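Computed from a predicted model, the values in this text were never measured in an experiment. Throughout, protein chains are lettered first and strands after them, A, B, ... in sequence-line order, and every chain is numbered starting at 1.
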There are 2 protein chains.
Amino acid sequence: MKDVAQRAGVSPMTVSRVVNGEAGVMPETAARVHRAIRVLGYQRDDVARQLRRKGQISQTVGILVDNVADPFMAALASAAEDVARQQGSVVLIGSSRDDLHREREVVSAFTSRRVDGLILIPVSGSHRFLRNAMATGTRVVCADRPAAGLRTDAVVVDNHGAAHGAIAHLIAHGHRRIAYLGDRLDISTIEERYAGYLAALAGAGIPADQAIVRHGLRLGADAAEAVTGMLAHPDPPTAVLASNGIVGLGVRAALPPGTALVGFDDFHLAAQLDPPVTVIAQDPVAMGSTAAHLLFARIHGDGSPPRTVVLPTRLIARGSGEIPGPYGRQPLV
Amino acid sequence: MKDVAQRAGVSPMTVSRVVNGEAGVMPETAARVHRAIRVLGYQRDDVARQLRRKGQISQTVGILVDNVADPFMAALASAAEDVARQQGSVVLIGSSRDDLHREREVVSAFTSRRVDGLILIPVSGSHRFLRNAMATGTRVVCADRPAAGLRTDAVVVDNHGAAHGAIAHLIAHGHRRIAYLGDRLDISTIEERYAGYLAALAGAGIPADQAIVRHGLRLGADAAEAVTGMLAHPDPPTAVLASNGIVGLGVRAALPPGTALVGFDDFHLAAQLDPPVTVIAQDPVAMGSTAAHLLFARIHGDGSPPRTVVLPTRLIARGSGEIPGPYGRQPLV
DNA sequence: CTGAAAGCGCTAACAG
DNA sequence: CTGTTAGCGCTTTCAG
């Protein structure tokens, strides 16, 4: 910058003004500065800039997902990145891999770089450690699920209601023996979905049977094995609810035709399988962009109490969830 | 930091040493400092640190993909992020959306934040503008395709050979009338694939016919429409090569059974469709981690001439590419 | 409209 | 083993 100033015959302060497009520099002076910048290939150093401009925003936000490679998270992150770009900010990204310790490390690496805010898909466990960062001005918005032990904005869906609706849908199509196959119950979204499953059964007067309930499924293969085991039961399920995408795919691969299936999370080609798969779809793009908009509102000074935005889900009936059960069509509960 | 020093009864320099885990501080002094850090909730300011430590690495790298939401790119970025984390670096991510202007903006936002290096999926067009950044120490590694006008490390696949192999495969299964459906020809990987297609036909003495060649397909629907048009031709193709994943999916949706299909890029559920889809698979995880390893080698001082790493592709025969053609089984060309 | 002085929080280099 | 001094590149503040 000093070099540019010298070459343009002005002070560094004038260069600064030109670089940042501030008003009140004579057009001719500005032109001289621009020329010097071009010749010398000067680029503003945002690290030094940030240091001096204390309290101002750094135009950097962090996104912490559990796994960037997961299509849902990738879509969410991409939507958030779009908003950030519109706002002139860049995005630091990290994967927690469902590990609180790792999440904490990444958050710390982000905050020490003075991010203005964080979009967080929180893993399970207490997030008290974020209090410090929030107290010192880092804004936090949670997506997909709220962070335990922390009051923040959050963008979620009604998991309980969505699961309840899916079970009601299966009951209406004549099923009463409905299995639940699920991921780890300590993930709050999964817990809510399971609770919705139980509530819907209870509401219809159908007893829950642990023989056709499985938790902790992480891999498609595990889910396939679990459902195969259930089908060997003397009183096998005629329909299955899968708690999320991975489990749904695993179940589908092992499911004989004639058994109904509704799964959480839509996926590419769901409509092209045989039978086409009925799913409860979320909108990751809406989730990411909503979270980002909330975050930037906070960064720009919104000091209202934390909000929770509940995004809608859609039951997309494609066939697998409409396979008739043994009790015939029922009125919707 | 001054506050911590005061509270621990030491100088800021000692705090710095403790914070950075440098040797040569009395354990007892260090303990006092640690206590003060905990009480005050102090966290190192990496912005100030970076400013002072000029010439040292910032432990920040940038990844620029065309679209984070694309599963191939998401897998690549995720693998690169893993490597970065092992190296103690954080990752800035951005999407170019195939727009050179936007790519340039994002690169500039990254370099002004002093990234140590960049993993780049370059869009088409000249990348001379990166010369400056490279001259001032920013390392650049390209993935998927090289950057025009720039000598950098690159991690690619043999697109020409892979397309050639796919066509040879179709010819060996009795096809001679083979259509090509492709994305924009100005994308270098796509151009290479098309060249491989032409070369394989020429090698087998089959004339290329522009009536069954289409370029510039960006959407699945466009690809579907294009292939439908070709099938209405008086001499319709008996087999199709799709230049990439999107095109392949579009083609598949519109293709009558009996027409063979080989597509670039593997996808989830390819094996579960009917017929299962034969693809030329790349390994995005290997590409991302190889690119990251090359990048960090450069960051750590590797000054050898730029290298291009060619990763293997695999033709995964699942059925759609083995549908027999009218000429019966042929020896492989 | 432009410039001079000071300092953001940290660490390199050098003393003790 | 610990401290002092200086300065990274920029911008805030105040003066012309």
(message) Need one value for B:V47: base, sugar-phosphate or nothing, where a base atom within 4.0 Å counts as base even if backbone is also close, heavy atoms only.
(response) nothing
(request) Determine, for B:R97 against B:D66, whether the closest basic-nitrogen to carboxylate-oxygen distance falls under 4.0 angstrom. (result) no
(request) Indicate, yes or no, whether a donor-acceptor pair under 3.5 Å links the base of C:dG9 to the side chain of A:R114. (result) no
(message) What I want to find out is whether A:D186 reaches A:R184 closely enough, with some N-O distance under 4.0 Å, to be called a salt bridge.
(response) yes
(message) I need the CD-C1' distance between B:Q6 and D:dG3, as an integer number of Å.
(response) 15 Å
(message) The test is side chain to side chain donor-acceptor pair (under 3.5 Å); show your working for A:T60 and B:R113 and say whether it passes.
(response) CA-CA 10 Å; A:T60 308; B:R113 282 170 177 77; 3.1 Å; yes
(message) Regarding B:D98 and B:R218, does a basic nitrogen lie under 4.0 Å from an acidic carboxylate oxygen?
(response) yes
(request) In whole angstrom, give the distance that lies between atom CD of A:E22 and atom C1' of D:dT11. (result) 9 Å
(request) Return no unless some side-chain N or O of B:S16 is found under 4.0 Å from OP1 or OP2 of C:dT11. (result) yes
(message) Within the 4.0 Å heavy-atom criterion, would you say B:M1 contacts the bases, only the backbone, or no part of the nucleic acid?
(response) base
(message) Which is more 5' along DNA chain D, the nucleotide nearest B:A30 or the one nearest B:L51? Just name the residue.
(response) B:A30
(message) Main chain of B:S304, side chain of B:D302: is a donor-acceptor contact present, judged purely on distance under 3.5 Å?
(response) yes
(request) Check every atom of C:dC10, C:dT2, D:dG9 against the side chain of A:V25 and return the nucleotide holding the closest atom. (result) C:dT2
(request) Establish whether the base of C:dG7 is bridged to the side chain of A:R52 by a donor-acceptor pair shorter than 3.5 Å. (result) yes
(message) Within the 4.0 Å heavy-atom criterion, would you say B:N20 contacts the bases, only the backbone, or no part of the nucleic acid?
(response) sugar-phosphate
(message) Taking any heavy-atom pair under 4.0 Å as a contact, classify A:M13: base, sugar-phosphate, or nothing.
(response) base
(request) Give the nucleotide from the list D:dG3, C:dG3, D:dG7 with an atom nearest to the side chain of A:R17. (result) C:dG3
(message) How many whole angstroms separate atom CZ of B:R53 from atom C1' of C:dG9?
(response) 14 Å
(request) Would you mind reading off the distance between B:R113 atom CZ and D:dG9 atom C1', rounded to a whole angstrom? (result) 16 Å
(message) If you compare every side-chain N and O of B:T14 against the phosphate oxygens of D:dC1 (OP1, OP2), does one of them come in below 4.0 Å?
(response) no
(request) Would you mind telling me which residue lines up with the more 5' stretch of DNA chain D, B:V10 or A:Y42, judged by nearest nucleotide? (result) B:V10
(request) Could you check how far CZ of B:R49 sits from C1' of D:dG7, rounded to whole Å? (result) 17 Å
(message) I need the CG-P distance between B:D46 and C:dT11, as an integer number of Å.
(response) 8 Å
(message) Applying a 4.0 Å non-hydrogen cut-off, can you work out what B:Q56 is touching in the nucleic acid: base, sugar-phosphate, or nothing?
(response) sugar-phosphate
(message) Among C:dT11, D:dC8, C:dG9, which nucleotide has an atom closest to any side-chain atom of B:K54?
(response) D:dC8
(request) Round to the nearest Å and state the distance from A:Q43 atom CD to D:dG9 atom P. (result) 14 Å
(request) Kindly give the heavy-atom pair with the smallest separation between A:L64 and A:V106, and that separation in Å. (result) CD1-CG1, 3.8 Å
(message) Between C1' on C:dC10 and NZ on B:K2, what's the gap in Å once rounded to a whole number?
(response) 11 Å
(message) Measuring from the side chain of A:S11 (C-beta onward, heavy atoms only), which nucleotide among D:dC10, C:dG3, D:dC1 has the closest atom?
(response) C:dG3
